Amino acid sequence: MSHAHNAPAPAVHFIRTLVEADNASAKWGGRVETRFPPEPNGYLHFGHAKSIFLNFGLAAEFDGVCHMRFDDTNPTKEEQEYVDAILEDVHWLGFDTSAHLYFTSDYFEQLYSFAESLIQGGHAFVDSQNAEEMRATRGTLTQVGTDSPYRSRSIEENLDLFRRMKAGEFADGAHILRAKIDMASPNINLRDPAIYRIRHAHHHRSGDAWCIYPMYDYAHCVSDALENITHSLCTLEFESHRPLYDWFLERLADAGHFTRPLPQQIEFSRLNLTYTVLSKRKLIQLVQENHVDGWDDPRMPSLKGARRRGFTPQGFKLFTDRIGISKSDSLIDMSVLEDCMRDDLNERAERRIAVLDPLKLVLTNVAAEHIEECYAPNHPQKPELGKRMVPLTRELWIEREDFMETPPKGYFRLRPDGEVRLRYGFIIKCTGFDKDENGKVTCVYAEVDFDTKSGTPGSESRKVKGNIHWLSAAHAVAAEVRLYDRLFAVPAPGARHEGDPAELERNFLDDINPNSKASTHVMLESSLAKAAPESSYQFERHGYFVADIKDHSAEHPVYNRTVTLRDAWSK
RNA sequence: UGGGCCGUCGCCAAGUGGUAAGGCACCGGAUUUUGAUUCCGGCAUUCCUAGGUUCGAUCCCUAGCGGCCCAGCCA
């Protein structure tokens, strides 16, 4: 990807520092290999974007590679549909996965034989307690656990049982393979954690070949080692799993299955954003209970939603650079992400004219059949992008908010007897207006000063502060525009509001912004109707809009508002 | 509560025993035919608190305080 603008030097953060140190000491001979390992049980969200840019970005920076790996060890939750969707999102962000695409399920055979090796080394045993018994004997945060009565089974018996587990002789839950570590460990993850469970379920890739499946803690570190990952980056909640990660790998290395150095797990803080939720559970709930229109609803913090909203890969890249990487819990304001999208879109979205709330303006001294050719630059900072002709005629559409009968102090748009410039056209003077019985303005009248046409000599001699956009009523195209706002009305959905009674428990759904979606009928420059779906434009003085990826067509143009322009006046 | 991690400007975030980078936001001012963009300037005597060590501490020590994570046969 190229990021011509705002391309600061890569921010320094502790992981990059560590990689540099490893390179300096030649720990890996200069090799840098990372991985992005989602479970294919849902769609990717904004948080994943942070991880994707970190993993793929860091690898690229050091001429290394980043593996795309699907952590598919739980057949009851995973589906091919998610694999496809995730791949699509990663590609959309700009990364190629074709040369390094992996599935944990492809390692089932090795994972299994290493597990036998663990048993043979006396490091694992088959437990025949049920789930409740295991929970009861695990202890608590303050109390140590107690050994399983099956913990001292012989290696032979463990091996026999494990093989029969694999052969399908037992029902789900009848037995489980556990690591033999320490039931008294202050780190609960080390109290003989599960390695393999019985699951008679169809796997989306391995089919019915297996009825035992490895647990994350075991499968992940082994997969990393198998792929020669050097730096295994994950979020903070896995910090207390790191001793386990190392425990498995050390024992497998001792048994001769891996050579040292062993891959290293490094944790960083996950993304937290205001005015949204990023937990998979809550996202699923939003979709399933129809609080949004699916995973690709433009208000969703999913990458599919972002794309439909008009957010850009380059904007996400800018965002991840801006927020940095660290281990401290952070809460990033949604406005930071929105600003990044503005910055990116400002750079490369062509400008167009749209009147979102049309009000008729009649130029009384322009002949009915007259067409005045005006020219608007496609990008004010990029003359090389050229200009386009916009016809000016007697009857125009202007923005309703650009005329006020009794304007407040500081307002410098159109008012009775006031002057304003029709952008790229002439200066006009308001000569009157009509109102209906409700007092609503229905039409504004004005006269053109023909000596002031934009671009002509002398047009600069007269300055007016107001500058409004317009569209020829005879040429404009009707369209639908969807105005999206933040999905939640409060910065921390589900958190207590000040003044809440102590016993009140809030649900994040209670904080949904009821006005996060509005649809309106607007007038567009005709070229906007012909634009391809997913094309982004700046509608001058309004914001950035994208032609809807699903619903937009030349016959029925549909644009989504990505983000508004910054607006110092409305404050 | 046992264990682990974290606490530097409104939000992020570097930094190191030698006297607080940077970004975003914000506030001024300039340019501007988008109240946009761009540009210029301003913006932590202070690093959770209190002691201590030191010529010197955000950094080292001690004791507190605050936050996050862990008790799935989920990842």
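The analysis underlying the following values was restricted to heavy atoms, covering all of them including side chains, and did not include hydrogens, waters or symmetry mates. Small disclaimer: the values here were computed from a predicted structure and weren't measured. Naming: A, B, ... by sequence-line order, numbering from 1 per chain.
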Out of B:C73, B:A36, B:A71, minimum distance to the side chain of A:A194 belongs to B:C73
Partner lookup for B:U1, please. Criteria are Watson-Crick or G-U wobble with both distances under 3.5 angstrom; report none if nothing qualifies. none
So, OP1 or OP2 of B:G2: does either fall under 4.0 Å of a side-chain N or O from A:R191? no
Taking any strand in view, what nucleotide pairs with B:C73 in a Watson-Crick or G-U wobble way, both distances under 3.5 Å? none
Side-chain-base donor-acceptor pair under 3.5 Å for A:R242 and B:G4: no
Distance, C1' atom - from B:C9 to B:G4, rounded to whole angstrom: 29 Å
I'd like the C1' distance from B:A25 over to B:C43, given in whole Å. 11 Å
Quick one: is A:R342 getting a side-chain N or O under 4.0 Å of the B:A36 phosphate, OP1 or OP2? no
Centroid distance below 5.5 Å plus an interplanar angle below 30 degrees: do A:Y216 and B:A75 meet both conditions? no
Flag the pair A:H542 / A:H469 as yes when their ring centroid distance falls below 6.0 Å, and as no otherwise. yes
Proximal nucleotide (of B:G15, B:C12, B:C68) relative to the A:L331 side chain: B:C12
Checking contacts here: which listed nucleotide (B:G3, B:G35, B:G23) is nearest the side-chain heavy atoms of A:R322? B:G23
Would you mind pulling out the nucleotide paired to B:G22, Watson-Crick or G-U wobble, both distances under 3.5 Å? B:C12
Are A:L161 and A:Y150 close enough, and set up right, to give a side chain to side chain contact (heavy atoms under 4.5 Å, CB included), and what steps lead you there? CA-CA 12 Å; A:L161 251 13; A:Y150 303 98; over 6 Å; no
Phosphate contact (B:G35 OP1 or OP2) by A:R541 side-chain N/O below 4.0 Å: yes
Provide the Watson-Crick or G-U wobble partner of B:U49, both distances under 3.5 Å; none if there is no partner. B:A63
Is there a side-chain polar atom (N or O) of A:S328 under 4.0 Å from OP1 or OP2 of B:A13? yes
Closest listed nucleotide, where the reference is the side chain of A:R197 and the choices are B:U37, B:A75, B:C24: B:A75
Of the listed nucleotides (B:C73, B:G67, B:G15), which one gets closest to any side-chain atom of A:R199? B:C73
If you take atom types as modelled and just measure distance, does the side chain of A:Q538 reach the base of B:U34 with a donor-acceptor pair under 3.5 Å? yes
Under-4.0 Å side-chain N/O to phosphate OP1/OP2 contact, A:R351 with B:U37: no
For B:G35, take OP1 and OP2 only and decide whether either is under 4.0 Å from a side-chain N or O of A:R423. no
Would you say A:S326 places a side-chain N or O within less than 4.0 Å of OP1 or OP2 belonging to B:A13? yes
Counterpart base for B:G41, defined by Watson-Crick or G-U wobble contacts under 3.5 Å: B:C27
Any chance NZ of A:K382 has more than 12 other-residue heavy atoms, nucleotides or ligands included, within less than 6.0 Å? yes
Rounded C1' spacing from B:G51 to B:C65 in Å: 14 Å
